[in-house]
Amino acid sequence: MISFYPGPSKVFPFVKEDMQEAFDLGVLGINHRSSEFVGISKSCLALLKEKLEIPDDFTIFFTSSATECWEIIAQSLIKEQSLHIYNGAFGQKWFEYTHKLKPMALKIHYDINEPLKPVKFENSPEIIAIVQNETSNATQISNDIIKALKRNNPNSLIAVDVTSSLGGIKLDFVNGDIWFASVQKCLGLPAGLGIMICAPQVKKRVVALKEISHYNSLYHMYERMENFQTTYTPNVLGIYLLMKAMQRSENIQKIENITIQKSLMWYQFLQSQRFDLLVKNLLVRSDTVIAVSTTNLEEVKSKALKNNIILGNGYGDWASSTFRIANFPAHTLDDMRLLMNVLEKD
Ligand SMILES: *Cc1c(COP(=O)(O)O)cnc(C)c1O
């Protein structure tokens with residue numbers, strides 16, 4: 001079975017070997033305060049920085065999921081007001097969870113065929129929250145727009161959800177302040193681990209606010225991360241698998257080239273077969289998730305399933321009118337050909 005669901009998605013085949021190795025090396029039962037754990041954690045973080053081109057002075061944290069990162073940001077980085085600019089279901093959920101914790105949270109909705117407008121916001125919200133790759137509708141925000149948003153709002157921290165793009169495309173981390181993802185999407189690993197990447201200025205804000213009411217208060221997370229540790233017993237196997245995946249990984253620039261090539265192949269194929277793409281504007285179409293409008297979702301899905309392929313449903317507003325195809329690094333050209341054969345109209 002090959003999963004093209006945009007998360008959880010296909011895991012890299014080498015995960016089988018790496019899991020076995022973790023077991024054989026006794027990694028599964030190690031203490032999270034031990035030097036063995038610190039060694040794995042330190043190596044994993046250094047490899048993430050090297051392969052994904054994350055600046056050295058950024059701090060990376062392990063969390064349990066991207067959803068947890070939404071909550072950590074709301075708890076620890078917002079005193080009163082955040083601004084959420086979104087066009088789809090994940091951006092909206094992020095707003096809703098934040099709004100429950102910080103009732104002054106504001107939202108701006110934009111159309112899926114419009115690029116996000118990186119204007120200056122007069123009241124300088126503490127956090128400006130954006131979803132770089134909106135998994136629900138297959139739109140993405142360019143590095144240039146994120147850069148302009150930061151330039152126009154230097155007093156706000158820009159928080160960027162990259163759950164379904166981290167590991168697949170090159171992100172210019174200096175353009176944002178907080179970036180986060182979970183590993184079961186573009187990183188091709190089993191679910192149960194999130195990572196959060198913070199610029200140096202985030203620590204200043206955390207120290208100034210000193211919010212310490214939660215096990216995952218960012219203040220405590222910084223204290224623990226000085227020794228490459230977490231505030232709670234983390235997913236050690238997940239961290240080990242991430243370390244191994246990063247060891248094997250090419251540099252992100254190379255991976256991005258392949259991702260873009262594969263996405264062009266998908267878009268060309270779908271258009272040649274007269275499929276109707278949900279996103280009409282080329283400038284905002286995602287490279288890592290593709291959404292296709294359809295009137296016979298069940299038929300397409302069951303045909304794929306008969307060929308041992310799991311397609312993504314639509315999501316949120318688009319649940320019954322689209323299907324989605326993940327274009328993650330774990331998806332090979334052979335995998336793509338199999339799905340294209342299934343989708344080919346006779
Ligand atoms: C999947 C997804 C999430 C939630 O990820 P979890 O690992 O389930 O917490 C958040 N944001 C985006 C854009 C996603 O695609």
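First listed ligand is number 1; within each ligand, the first listed atom is number 1.
The shortest N/O to N/O separation between Ala66 and ligand 1 falls below 3.5 Å. The shortest N/O to N/O separation between Asn133 and ligand 1 does not fall below 3.5 Å. At under 3.5 Å, a nitrogen or oxygen of Ser182, whether backbone or side chain, sits near a nitrogen or oxygen of ligand 1.
By the 4.0 Å N-to-carboxylate-O rule, Asp334 lies close enough to Arg337 to be salt-bridged with it. Asp177 has no carboxylate O lying under 4.0 Å from a charged side-chain N of Arg205, or vice versa, which leaves the two without a salt bridge. Comment: Glu126 does not engage Lys79 in a salt bridge, judged by the lack of any side-chain N to carboxylate O separation of less than 4.0 angstrom.
Considering all non-hydrogen atoms of both residues, Lys303 and Glu344 come closest at NZ-O, 4.1 Å.
For Lys93, the closest heavy-atom approach to ligand 1 does not fall below 4.0 Å. Within the 4.0 Å heavy-atom cutoff, Trp70 counts among the residues contacting ligand 1.
Trp70 and Phe90 have tilted rings, their planes meeting at an angle from 30° to 60° on a 0 to 90° scale. In this pair, Phe269 and Trp266 present their aromatic rings perpendicular. The plane angle is above 60°, beyond the 30 to 60° band.
Nearest protein heavy-atom contact of atom 2 (C) of ligand 1 is Lys185 NZ, 2.5 Å. The protein heavy-atom contact nearest to atom 4 (C) of ligand 1 is Thr67 OG1, 3.7 Å. Looking only at protein heavy atoms, the nearest one to atom 11 (N) of ligand 1 is Asp161 OD2, 2.7 Å.
With Tyr5 as the aromatic partner, Arg324 meets the cation-pi criteria of under 6.0 angstrom to the ring centre and within 45 degrees of the ring axis.
Atom numbering of ligand 1 starts at 1 in the shown order; those under 4.0 Å from a heavy atom of Thr135 are 12 (C), 13 (C), 14 (C), 15 (O). Proximity to Gln184 (heavy-atom distance under 4.0 Å) selects the following atoms of ligand 1: 6 (P), 7 (O), 8 (O).
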